[in-house]
Amino acid sequence: MNVVRFVQFIAIFMLVLAQVSVAYASSEPVDKGWEYRWGDSSFDASGVPEWARNSQPDQWHGIGFPSNPPGRNGREQVWYRVTLPVGEFQEPVLYIYSVDIIFQVYLEGEKIYQYGAFDDQGRGRFEGWPWHAISLPEDYENKTIYFRVFSDYTDIGLWGEVSVMDEPDLLLYILGNSMESLVVAAFSSLIALLALVFALLQTEKKSFASIALFTLSSSIMLLSESQASLLIWYKPLLWDYLAAGSYYMVPVAMALLLEQWLAHEKPWLINLVWKVHLVYLVGAIGSALTGVIDLSSTFPPFDALFLTSLLSMAVVALLRFRHLLREQQVLLLAYGVFSSLLVADMAVAHGFLPWGRVPVNYGMLLFSVSVVAISLWHYASTQQALQRMNVSLEQKVAERTARAESLARREQARVRMLTFENEKSRILGDIIAELQDCLGQTQAFQVVTKMMPELCSPLRGAFYRRVSDSRYERVAEWGTGTKSKILPLVLDVASGLPEPSKLPARSGLLDDGAESTGEASMCFWVNVESAEGIVTEAVLLLENDVGLMTGVGQYGSARLFSSLNQAIQRVSITLSSIALREELQKFSYEDSLTGLKNRRYFDQLFQHESLVAQRKELSLALLVLDIDHFKTFNDRYGHEAGDRALQVVASVLQAQFRESDIVCRYGGEEFVVIMPGAATTDAVERARHFREAVRRMPVVHHGRSIGHLTVSVGVASWPDCGESPSQLLGLADQALYEAKAAGRDRVMNYGESDNQHRTLGT
């Protein structure tokens with residue numbers, strides 16, 4: 001049953017991947033209007049091919065797809081052309097599945113892409129079979145694109161798919177098409193690793209090594225031939241070498257496995273098959289690496305040899321099929337399916353079948369799943385035999401075990417109780433010590449959440465944190481392996497929080513089987529007192545462990561939960577002190593009227609930023625700004641309107657400057673802005689935008705506009721002015737003074753003109 005479910009899961013997963021890959025990208029196929037022309041074009045002095053510049057329609061011939069035109073007769077050079085279709089793409093690229101073997105692409109006489117190196121005779125060496133993404137200009141539509149192709153391979157021209165699509169969609173398309181092969185390759189690699197481990201552990205069973213060799217070769221082949229391999233590492237020729245080596249190794253591994261299964265019959269033909277293929281693998285790859293031949297020329301002879309070997313192995317296997325074990329028959333049938341898909345893919349590659357994606361990975365998946373199914377079947381059979389052997393033994397010791405477990409549970413409960421009692425004081429002290437080092441409530445509750453399981457162990461429970469006025473969410477749970485109705489995920493205030501438990505009298509001492517609380521759970525509230533009052537910030541729920549409460553002598557539930565209650569109260573008091581300290585610190589650094597940071601915060605941060613800028617040699621700009629005629633505005637409209645004016649300027653400041661800039665209220669109607677890393681021009685430009693934004697922003701008071709404000713701004717930046725960044729405040733203040741003296745409503749930069757200042761905008 002487990003095997004069937006596993007196979008169903010893999011099948012559904014592969015089907016989903018196939019559907020997703022189809023829907024990944026929208027594309028415009030280029031499958032009409034192709035023309036070809038044998039030979040090679042001459043080039044003018046500027047390197048423009050004559051055939052791409054002159055139409056010469058009488059020299060071109062129509063073809064359904066740009067591959068293997070008629071009348072080759074040993075020719076190795078051909079040109080193709082086509083008019084690009086209309087499409088709406090943001091980043092258009094021309095996607096080509098593969099090209100035999102090197103080529104150049106021209107658009108309007110300009111070379112826009114090249115793969116491989118052409119010599120003076122228009123020839124070149126094999127560079128691999130990657131997919132290609134040729135970037136197109138935005139106005140590519142209805143333009144003719146030319147392909148100059150050289151191939152000394154059996155095929156010449158483009159192969160597979162040719163379409164226009166967006167570059168981001170192409171990447172998704174490549175990943176979608178490759179995902180199945182990647183998943184199967186990973187799964188097969190895992191099978192290979194397991195088979196290799198078994199081969200090392202059971203050296204007498206050589207078939208494990210052959211299975212490991214076959215699955216590993218197949219997984220490398222699937223990975224190398226998947227289009228996504230170039231996204232991992234763009235080395236087309238390297239991947240082709242890996243694909244060729246693993247492809248050539250497949251019949252070697254399978255012939256070795258078949259020879260081991262039929263070892264008692266000594267099948268000389270199977271022995272010859274794997275030896276011949278091994279010699280071909282070494283010879284072909286070695287000759288290609290040394291440059292004697294191109295790697296591409298090794299595939300056609302191998303395909304012919306592979307077909308012959310498949311027929312030979314099929315005849316031998318069929319004649320002896322009945323004598324094989326059941327699992328060997330299953331693996332042999334799976335290999336037959338895999339080989340059939342390889343032959344179909346081979347037929348597509350050589351043009352015997354129309355182009356299409358042959359799901360070779362499905363055949364490998366079938367073989368890998370067969371290996372897993374056989375392994376699970378052997379495991380299940382072994383387990384059933386062991387289970388039958390253990391039944392009689394279990395029956396004999398059942399009663400003795402039950403008695404021993406009963407005594408062990410009673411003793412365990414006593415030990416847990418003693419451990420709980422002795423450790424709580426130490427753990428609580430550690431919690432309080434860590435809380436006292438916390439800077440705020442957030443950090444403090446992280447400490448409490450982390451330590452709460454240790455504080456309450458071995459009782460099972462959960463800790464809930466308030467996330468809103470009506471909701472508490474579980475942030476920690478311990479001691480439960482399954483879902484518990486007593487410890488829900490969320491506590492809803494509307495449904496009613498669990499009431500704090502009323503603890504039993506501490507004076508009662510428990511004997512064996514004595515009193516317990518009688519409640520299914522115990523509840524503690526963590527109340528935090530702040531300036532806003534007392535708020536229940538967290539809730540602790542503990543399950544009532546009957547095994548812990550019985551048979552523990554003088555350690556009763558009253559004493560246990562009383563100590564817990566005291567611990568929670570101490571935690572609440574410490575959290576309250578942290579909350580009050582945090583609020584006091586917030587008030588000391590924040591201006592209550594505008595919500596900006598205050599002067600105290602500015603003094604500390606400006607000193608820090610000055611040291612950082614000087615140490616790291618980073619630029620630093622400082623703006624000092626003042627509301628023009630603010631006293632007159634205040635006297636005319638009143639202090640309440642003046643406060644509203646300050647809030648308007650503060651809101652504009654927060655909107656106009658970067659998140660990395662620090663905006664503070666320096667005092668009265670004066671503000672400062674620290675701009676780390678800003679150059680003089682950036683600071684001045686930002687100041688001008690701010691000044692203009694203030695002029696446009698009306699001051700609305702009691703529902704009506706009472707006018708507009710203007711501001712004067714002084715700018716100073718380091719290292720353009722001043723010997724150190726710490727002097728910027730005085731320089732910016734001088735620039736502000738000059739701005740006000742010059743008539744206000746302007747930006748003044750402390751510069752290098754005759755009077756050391758220049759007006760930036762009025």
Side-chain angles (χ1 to χ4, degrees), residues 405 408-435 437-438 441-467 471-493 497-501 503-504 516-528 536-552 555-575 578:
E405 288 179 351
R409 284 195 298 269
R410 291 171 62 85
E411 186 60 26
Q412 186 181 22
R414 187 183 299 273
V415 172
R416 287 166 62 193
M417 189 66 180
L418 290 172
T419 302
F420 193 96
E421 182 71 19
N422 293 332
E423 290 293 320
K424 295 312 125 179
S425 296
R426 182 188 62 80
I427 296 172
L428 180 60
D430 293 342
I431 294 176
I432 299 302
E434 286 197 43
L435 289 178
D437 294 334
C438 294
Q441 284 196 79
T442 301
Q443 185 181 3
F445 269 101
Q446 290 176 353
V447 172
V448 175
T449 302
K450 180 184 69 174
M451 300 291 289
M452 193 59 67
E454 187 176 358
L455 178 66
C456 300
S457 177
L459 292 177
R460 298 181 295 180
F463 190 64
Y464 299 82
R465 179 75 194 278
R466 185 173 72 93
V467 295
R471 183 182 178 90
Y472 290 76
E473 290 186 357
R474 190 173 67 196
V475 294
E477 182 184 12
W478 57 92
T480 56
T482 58
K483 294 182 179 179
S484 174
K485 296 181 179 179
I486 301 177
L487 307 175
L489 287 172
V490 176
L491 297 179
D492 191 352
V493 176
L497 282 180
E499 291 294 329
S501 299
L503 304 180
S516 66
T517 61
E519 299 179 4
S521 65
M522 301 296 292
C523 177
F524 300 90
W525 286 6
V526 180
N527 296 323
V528 178
T536 302
E537 288 289 349
V539 175
L540 171 65
L541 289 181
L542 299 174
E543 287 192 4
N544 194 345
D545 192 337
V546 177
L548 181 65
M549 298 306 156
T550 57
V552 293
Y555 297 99
S557 59
R559 182 170 182 174
L560 175 66
F561 288 108
S562 179
S563 63
L564 268 178
N565 186 50
Q566 292 178 6
I568 296 301
Q569 295 302 322
R570 288 190 60 187
V571 170
S572 298
I573 293 172
T574 308
L575 290 174
I578 293 173

Measuring from [X]:[atom1] to [Y]:[atom2], what's the distance to the nearest 0.5 Å?
X    : Y    : atom1 : atom2 : value
F463 : E473 : CZ    : CD    : 13.5 Å
E477 : L489 : CD    : CG    : 8.0 Å
E543 : L487 : CD    : CG    : 4.5 Å
I568 : L575 : CD1   : CG    : 9.5 Å
E537 : W525 : CD    : CH2   : 13.0 Å
L540 : F524 : CG    : CZ    : 6.5 Å

Shortest non-hydrogen contact from [X] toward [Y]:
X    : Y    : result
P498 : C523 : O-SG, 3.4 Å
R460 : G479 : CD-O, 2.6 Å
L459 : W478 : O-NE1, 3.0 Å

Exercise. Quick one: do R570 and I432 satisfy side-chain contact (heavy atoms from CB on, under 4.5 Å)? Show the steps, please.
Key: CA-CA 8 Å; R570 288 190 60 187; I432 299 302; 4.0 Å; yes
Practice problem: Determine, step by step, whether V539 and V526 satisfy the side-chain contact (heavy atoms from CB on, under 4.5 Å) criterion, reporting the C-alpha distance in whole Å, the side-chain angles of both residues, the deciding distance to 0.1 Å, and the verdict. | Solution: CA-CA 6 Å; V539 175; V526 180; over 6 Å; no
Practice problem: May I ask you to say whether K450 pairs ionically with E434, meaning some side-chain N is under 4.0 Å from a carboxylate O? | Solution: yes
Self-check item: Audit row: Y472, V490, side-chain contact (heavy atoms from CB on, under 4.5 Å) steps and yes/no
Solution: CA-CA 6 Å; Y472 290 76; V490 176; over 6 Å; no
Quiz prompt | Any side-chain donor near an acceptor of the partner, T536 and N527, under 3.5 Å | solution = yes
Exercise. Taking the side chain as every heavy atom from C-beta outward, state whether L541 and M522 have any pair of such atoms under 4.5 Å apart.
Key: no
Quiz prompt | Backbone of P488 reached by a side-chain donor or acceptor of Y464 within 3.5 Å | solution =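 Between the backbone of P488 and the side chain of Y464 there is a qualifying donor-acceptor contact (under 3.5 Å).
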Practice problem: Evaluate the side-chain contact (heavy atoms from CB on, under 4.5 Å) criterion for residues R471 and D492: first the C-alpha distance (whole Å), next the side-chain angles of each, then the deciding distance (0.1 Å), finally the verdict. | Solution: CA-CA 5 Å; R471 183 182 178 90; D492 191 352; 5.8 Å; no
